[in-house]
Amino acid sequence: QVQLVESGGGLVQAGGSLRLSCAASGSIFSINAMGWYRQAPGQQREWVAVISSGDSTNYANSVRGRFTVSRDNAKNTVYLDMNSLKPEDTAVYYCNADVRVASTRPITRYWGQGTQVTVSS
């Protein structure tokens with residue numbers, strides 16, 4: 001079993017910064033891509049950012065230039081540095097990881113429990 005535990009959410013004023021962390025643990029053989037999604041109240045979950053096992057990154061247009069995704073493979077952890085935050089960034093943020101639990105097993109996507117980010121105007 002694989003668990004993803006997120007931390008770092010909270011309340012911040014517009015223009016401020018936050019750093020989210022997401023640590024994967026459990027029976028892990030390898031991790032491919034890791035990333036972040038978010039879900040605002042009454043809206044569908046939307047993709048935010050992704051980082052490959054080779055550290056290639058991509059971002060949603062709404063966050064490009066303000067958010068940075070990174071990872072520490074030794075710690076099986078992915079980060080999301082959020083700068084110049086806006087009230088419209090308010091959402092529950094979810095991390096995910098594409099994990100192989102053994103060399104012969106298929107890749108499975110696991111999700112964190114979500115962490116609340118609230119940006120006040």
Side-chain angles (χ1 to χ4, degrees):
Q1 188 70 354
V2 175
Q3 299 83 35
L4 272 62
V5 178
E6 303 170 7
S7 60
L11 173 65
V12 64
Q13 288 188 331
S17 300
L18 279 176
R19 186 182 222 205
L20 305 183
S21 301
C22 171
S25 63
S27 181
I28 297 172
F29 174 77
S30 64
I31 301 178
N32 286 18
M34 304 181 81
W36 295 90
Y37 281 68
R38 67 186 182 186
Q39 188 168 18
Q43 301 200 13
Q44 292 188 336
R45 189 175 297 191
E46 66 169 349
W47 170 71
V48 174
V50 64
I51 182 166
S52 72
S53 57
D55 287 341
S56 295
T57 60
N58 201 8
Y59 301 91
N61 289 336
S62 58
V63 307
R64 184 174 288 113
R66 300 188 298 121
F67 291 11
T68 301
V69 61
S70 60
R71 63 193 285 172
D72 183 334
N73 292 325
K75 296 180 179 180
N76 289 335
T77 298
V78 62
Y79 305 96
L80 186 67
D81 287 294
M82 305 184 293
N83 299 309
S84 301
L85 282 161
K86 305 174 181 180
E88 51 263 43
D89 294 318
T90 295
V92 177
Y93 283 70
Y94 298 90
C95 66
N96 65 69
D98 295 337
V99 178
R100 196 185 298 272
V101 299
S103 60
T104 57
R105 299 293 297 276
I107 294 171
T108 301
R109 174 161 292 185
Y110 292 88
W111 292 87
Q113 80 285 359
T115 186
Q116 177 70 47
V117 172
T118 303
V119 184
S120 63
S121 57

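Just so we're clear, the structure is a prediction, and the values are computed from it rather than from any experiment.
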Any sub-3.5 Å donor-acceptor pair from [X]'s side-chain atoms to [Y]'s backbone N or O?
X      : Y     : result
Ser62  : Ala60 : no
Arg100 : Ser30 : no
Glu6   : Cys95 : yes

* **Same apolar cluster (I L V M F W Y, side chains within < 4.5 Å links), Ile107/Phe29** =>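 Per the 4.5 Å side-chain linkage, Ile107 and Phe29 are not co-clustered.
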Would you mind writing out the side-chain donor-acceptor pairs for residues 78-87 within the sub-3.5 Å range, not counting sequence neighbours?
{"residue": "Asp81", "atom": "OD1", "partner": "Arg19", "partner atom": "NE", "Å": "2.9"}
{"residue": "Asp81", "atom": "OD2", "partner": "Arg19", "partner atom": "NE", "Å": "3.4"}
{"residue": "Asn83", "atom": "OD1", "partner": "Ser17", "partner atom": "OG", "Å": "2.8"}

Is the shortest side-chain heavy-atom distance between [X] and [Y] below 4.5 Å?
X      : Y      : value
Val117 : Asp89  : no
Val48  : Tyr59  : no
Val2   : Val101 : yes
Trp47  : Asn58  : yes
Leu18  : Val12  : yes
Asp55  : Arg71  : yes
Cys22  : Trp36  : yes

Which heavy-atom pair separates [X] from [Y] by the least distance, and what is that distance?
X      : Y     : value
Val69  : Val50 : CG1-O, 3.6 Å
Ile31  : Ser53 : O-CB, 3.9 Å
Arg38  : Ala91 : CB-CB, 3.8 Å
Gln113 : Val5  : OE1-CA, 3.8 Å

[atom1]-[atom2] distance between [X] and [Y], expressed to the nearest 0.5 angstrom:
X     : Y     : atom1 : atom2 : result
Met34 : Ile51 : CE    : CD1   : 9.0 Å
Thr57 : Phe67 : OG1   : CZ    : 14.0 Å
Leu20 : Tyr93 : CG    : OH    : 7.5 Å
Tyr37 : Glu46 : OH    : CD    : 10.5 Å

* Asked: Can you tell me if Thr118 and Gln116 form a side-chain donor-acceptor pair at under 3.5 Å?
  ->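 Yes, because at least one side-chain N or O of Thr118 sits under 3.5 Å from a partner of the opposite role on Gln116.
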* Please say whether the positively charged group of Arg45, taken as NZ for Lys or CZ for Arg, lies over the ring of Tyr94, i.e. under 6.0 angstrom from the six-membered ring centre and within 45 degrees of the axis. =>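 Yes - Arg45 lies over the ring of Tyr94, closer than 6.0 Å to its centre and within 45° of its axis.
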